[in-house]
There are 2 protein chains.
Amino acid sequence: MDIPQELRKLGLKATLPRLRILQLFQESKAKHLNADDVYRLLHDEGIDMGLATVYRVLMQFADAGILIRRHFESVASVFELNEGGHHDHLICTGCGRMEEFLDAAIELRQEAVARERNFVLHEHSLSLYGLCGDCADSVQPGSGRRLRRS
Amino acid sequence: MDIPQELRKLGLKATLPRLRILQLFQESKAKHLNADDVYRLLHDEGIDMGLATVYRVLMQFADAGILIRRHFESVASVFELNEGGHHDHLICTGCGRMEEFLDAAIELRQEAVARERNFVLHEHSLSLYGLCGDCADSVQPGSGRRLRRS
DNA sequence: ATAGGTGCAAAAGGTTTGCAATCAA
DNA sequence: TTGATTGCAAACCTTTTGCACCTAT
C-alpha cells in the first residue's frame, strides 16, 4: 500500500514533513538518527521544516510504532525504523559504528530473571559498548597505552 | 581508612560538599539518586550547596569510580554507589521499584556476541522493564484492561 | 469548512561553564 | 600561600508548548 494511505490509517494526515521524514529513514545510510540529524539532513535537501515539527513527527511515529526511540549513552535520543524484529545493539566507542544483534539465549534468560523475581516483562534495553576490530587495531601496538575515547 | 583520606588519595580535597554527598549515598534508603534528588535531600538536612556543585561532585565521583552513572529511560541520569560487583537492573514501570540482578549466562553470551563480531567489550548496560508482582496484581482482574503507566 | 498540522518563538528541564570569592592542605 | 573548590548566574542543549497561520481531507 502507499505511504500516504498508511499514514491516514494511523490517523495521521499525509503532510509533507511526515512524508519526507519517513522517506529519510527509509533511504538514509545511517539507521539511527536523532532529531537534529533529521532536521539537518532535510535542510541539506533544501526542505525547510521547523525543529519543533521534527520532534512532533518523530514522537508521533514512535507512538504509532513506525519508529523506535532508543536511549543510548548520549544525551539525545535516537530513532530508527521499526522493521518488526526486536534486536539489541553493539556499539563501537571508537568510531560510533553500530551493529545489531539478537541472541536467543540472552532473551530467554531475561525472561527467566524476570519470572524468578515475579515481574511481568514488557521490554528491555541492552547495549554493549566496546571497540570494533578496526578501532582496536589502531591502538598503539606493543604499548599498553589506549586511545582516548573520541 | 577514613573517608577524607580516601578522597585525598584520589586527588580530591575533603570538602564538606563532597563528604556530605558521599555520606548521603552511603546512608540513603534509595540507592539511585539523580542530581536533583541529592540537592533536595541535602537541603532538607539544612545543607545549602549549589546545584552546580552537586553536578560537579557527582561527575568527579563517577570519574573516580566511587559512583556509577546510569542512564535509564528517564531524562535525568542517576548515580549509585560503586560497590564493586557489576549488576544489571529490573525496573517496575508501575511503582518505580528497582531490583538488581546478575545473570552469569547473560554475561557470558554478551562476551560471546562481541567476540563473534570481533569487538573488544568494555561495558554494557541492560535494563529490564515490566511490572512487579504488586503492580501486576493491581491490574483490573478479569478484564483485559491494563493500568496506564503511572 | 474544519480538524489537524506547521512554523516560530518562547519556555522548560537537565547539565555545564565563567568568574570572583573561599577554603583545604 | 596557593591551587583547588564553591556559589551564583548565565549559557547550553535537547525537548516541549502556545499560538496564529496554513492545509489535507
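Just so it is clear: chains get the letters A, B, ... in the order the sequence lines come, proteins before strands, and each one is counted from 1.
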Q: Tell me if the aromatic rings of B:H124 and A:H89 count as close, with their centers under 6.0 Å from one another.
A: no
Q: Given atom CD1 of A:I21 and atom P of C:dG5, what is their separation to the nearest angstrom?
A: 13 Å
Q: Which one, C:dT15, D:dT5, C:dG5, comes nearest to the side chain of B:L12?
A: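 Looking only at side-chain atoms, B:L12 lies closest to D:dT5.
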Q: Starting from P on D:dA4, measure out to CG on B:L7 and report it in whole angstrom.
A: 16 Å
Q: A:K13 NZ to D:dC22 P: how many Å, rounded?
A: 15 Å
Q: Quick one: which of D:dT25, D:dG3, C:dT6 gets closest to the side chain of A:R8?
A: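 Nearest to the side-chain atoms of A:R8, counting from C-beta on, is D:dT25.
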Q: Tell me: CG of B:L42 to P of D:dT6, nearest whole Å?
A: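 To the nearest whole Å, that distance equals 12 Å.
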Q: Salt-bridge test for A:E116 and A:R109: reply yes if a basic N is under 4.0 Å from a carboxylate O, no otherwise.
A: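 Salt bridge flag = yes for A:R109 with A:E116.
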Q: Send over the distance from A:H43 NE2 to C:dT6 C1', rounded to a whole Å.
A: 13 Å
Q: D:dT6 phosphate, OP1 or OP2: any side-chain N/O from B:T15 under 4.0 angstrom?
A: yes
Q: Would a 4.5 Å heavy-atom cut-off, applied to side chains only, mark A:S127 and A:I91 as touching?
A: yes
Q: Determine, for B:E83 against B:K31, whether the closest basic-nitrogen to carboxylate-oxygen distance falls under 4.0 angstrom.
A: yes
Q: Any ion pair linking B:E27 and B:R20 (charged N to carboxylate O, less than 4.0 Å)?
A: no
Q: Looking only at heavy atoms, which two atoms of B:A114 and B:L121 are closest? And how far apart?
A: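 Between these two residues, the closest heavy atoms are CB-CD1, 3.8 Å.
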Q: Rounded to whole angstroms, how far apart are CD1 on A:I47 and C1' on C:dG5?
A: 17 Å
Q: So if I take every side-chain heavy atom of B:R69 and compare against C:dG4, D:dT15, C:dT15, which nucleotide ends up nearest?
A: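 Nearest to the side-chain atoms of B:R69, counting from C-beta on, is C:dT15.
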Q: Roughly how far apart are B:Q5 CD and B:K9 NZ, rounded to 0.5 Å?
A: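 Answer rounded to 0.5 Å: 7.5 Å.
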Q: Can you measure A:K9 atom NZ to D:dA24 atom P for me and round it to whole angstrom units?
A: 21 Å
Q: Whole angstroms only, please: what is the CG-P distance between B:L16 and D:dT5?
A: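 Going from B:L16 (CG) to D:dT5 (P), I get 14 Å.
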Q: From C-beta outward on B:M59, which listed nucleotide comes closest to its side chain: C:dT16, D:dT6, D:dT25?
A: C:dT16
Q: In the 5'-to-3' direction, what one-character label does each nucleotide of nucleotides 8-14 of chain C receive under the scheme B = base within less than 4.0 Å of a protein heavy atom, S = sugar-phosphate only, - = no such atom?
A: BB----S
